[in-house]
Amino acid sequence: MENDKVLDVKNLTAAFSIRKKEYEVLHDISFSVRRNETLCVVGESGCGKSVTTLCIMQLLPKNGHITGGEIILDGTDLTKLSKKDIVKFRGKKMGMIFQEPMTALNPLLTIGFQMKEMIKLHRGVDNKEAERIAVEYLKKVGIANPESRLKQYTFELSGGLRQRVMIAMMLSARPDLLIADEPTTALDVTIQRQVLNLLNDLKKDMNAGILFITHDLGVVSEIADRIVVLYAGRKVEEGTTEQIFNDPRHPYTIGLMKAVPDVDSDEYNIEPIPGTFPNITEEIPGCRFSPRCPYAGSCKLCTTEAPEGVEVEEGHFVACHLALRKESPNE
Ligand code: SF4
């Protein structure tokens, strides 16, 4: 299993400087992505999902920096690479699919030009072979008439088609890791399903690992093999999709599950998590979730000590002082 790891994030810590003060945005985050596996990172806006991907891609804004830990991609620690070397890794070893395809596509260039440049850069082939590969990958993502699509500009395509083109472009470089940051949020439900099915098929076909970032638990249930739950820059739970959905142990994960509407029920059944998400500048002693946690009063440590992650069953980690106690929130 160890050799299957495409990405190994170890004790990653990152901070932003705001008005000359440092604020930690990620604290001691560890997880891995294996080949032929989709790992979903979930949590509310601001939990650290996107900052995690920006750390991996080495695309943090100027006031952000990694302050500790390692990001190992195929045996290389990305945190040790120069800016020049990391550029070689992007595209070739890791591709990124954004929520908005226009982040990655240039409206002034044809689809064919952009795809061929990407393929020539990362696969070292001539123009003719690059065109053949571009057609092959547009077919793979289910685009009809790929030869004529290559001559089109992005404004001539629908949102769903643009997303497919971006996926085809990223995959054509044959990356080992695909990072998808909320890739289906802007799409309607039918296209969303098509893109999720496509990613599932391609993962198997290309033997790649997918790191999928989303706040949408409906999407997670369809695509994830394993799940990492983040809260306020900390990993609070990790497990297989079955463990997280059938036996969530952290009060935050339990709250997230209760906040998802049951589409099979006629009743209004959403229970929002009480309180508000902490601001990056807010100092909270002990567990960061304690101001919103219904169980905080049952353990003195909740407001004095940050909980460490413990393995409650094989592959299922929970960072909560009550995780191993009888009065565990899910009992
Ligand atoms: Fe709630 Fe305490 Fe567990 Fe934090 S450590 S989630 S406050 S019970």
Side-chain angles (χ1 to χ4, degrees), residues 9-15 23-31 39-52 67-69 213-217 220-221 224 226-261 269-331:
V9 174
K10 296 178 183 173
N11 312 107
L12 179 64
T13 300
Y23 295 100
E24 201 173 71
V25 284
L26 289 183
H27 179 80
D28 203 18
I29 304 280
S30 296
F31 61 83
L39 178 83
C40 280
V41 178
V42 303
E44 294 164 285
S45 290
C47 71
K49 309 183 295 282
S50 292
V51 177
T52 304
T67 49
I213 308 296
T214 184
H215 67 280
D216 186 337
L217 288 177
V220 173
S221 68
R226 287 189 305 117
I227 298 167
V228 164
V229 184
L230 295 186
Y231 183 78
R234 269 112 174 123
K235 183 172 84 171
V236 295
E237 189 155 3
E238 176 179 359
T240 62
T241 306
E242 205 181 19
Q243 286 166 339
I244 300 293
F245 275 86
N246 295 346
D247 186 22
R249 300 287 185 97
H250 194 282
Y252 178 60
T253 316
I254 296 169
L256 282 181
M257 296 293 169
K258 286 184 179 164
V260 178
N269 47 25
I270 300 177
E271 278 183 48
I273 301 172
T276 51
F277 197 81
N279 190 297
I280 175 181
T281 58
E282 219 173 305
E283 278 182 29
I284 300 170
C287 171
R288 299 274 291 164
F289 188 57
S290 57
R292 301 175 76 187
C293 180
Y295 306 95
S298 50
C299 173
K300 280 187 198 146
L301 293 175
C302 292
T303 49
T304 55
E305 256 181 50
E308 298 283 334
V310 289
E311 193 168 18
V312 291
E313 60 182 313
E314 197 183 344
H316 190 175
F317 297 86
V318 184
C320 168
H321 291 305
L322 300 186
L324 291 173
R325 290 205 190 171
K326 279 210 177 84
E327 66 272 34
S328 169
N330 210 17
E331 296 299 313

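We count ligands from 1, going down the list as the structure has it; atoms in each ligand are counted the same way.
- Considering only heavy atoms from C-beta on, Phe289 stays 4.5 Å or farther from Cys302 through its side chain.
- Judged purely by distance below 3.5 Å, without hydrogens or angles, the side chains of Thr214 and Asp216 never pair a donor atom with an acceptor atom.
- With rounding to the nearest 0.5 Å, the separation of CG in Asp247 from CD in Glu242 is 10.0 Å.
- For atom 2 (Fe) of ligand 1, the N/O/S atoms of His321 include none lying under 2.8 Å.
- Of all the heavy atoms of Ser290, the ones lying under 4.0 Å from any atom of ligand 1 are found in both the backbone and the side chain.
- Atoms of ligand 1 lying under 4.0 Å from at least one heavy atom of His250, given by number and element, are 6 (S).
- Interface of Cys302 with ligand 1, defined as ligand atoms under 4.0 Å from a residue heavy atom, comprises 2 (Fe), 5 (S), 7 (S), 8 (S).
- If you run side-chain hydrogen bond (donor to acceptor under 3.5 Å, both in side chains) between Glu237 and each of His250, Arg249, His316, only His316 comes through.
- In this structure, Cys299 does not count as a contact residue of ligand 1, since none of its heavy atoms falls inside 4.0 Å of the ligand.
- The cationic atom of Lys235 (NZ for Lys, CZ for Arg) lies less than 6.0 Å from the six-membered ring centre of Phe317 and within 45° of the ring axis.
- Close contacts of ligand 1 with Cys320, meaning ligand atoms under 4.0 Å from a residue heavy atom, involve 3 (Fe), 5 (S), 6 (S), 8 (S).
- Ligand-side atoms of ligand 1 in range of Pro251: 1 (Fe), 6 (S), range being under 4.0 angstrom from any heavy atom.
- When each atom of ligand 1 is checked for a heavy atom of Cys293 under 4.0 Å away, the hits are 1 (Fe), 6 (S), 7 (S), 8 (S).
- Proximity of Cys287 to ligand 1, defined as any heavy-atom pair under 4.0 Å, is confined to the side chain (atoms from C-beta onward).
- With ligand atoms numbered from 1 in the order given, ligand 1 contributes 8 (S) to contacts under 4.0 Å with heavy atoms of Leu322.
- Among residues at least two apart or in separate chains, side chain to side chain donor-acceptor pair (under 3.5 Å) pairs with a member in residues 42-51 are Glu44-Tyr252, Glu44-Arg292, Ser50-Asp181.
- Here the straight-line distance linking atom CD1 of Ile29 with atom CG of Leu230 works out to 5.0 Å at 0.5 Å rounding.
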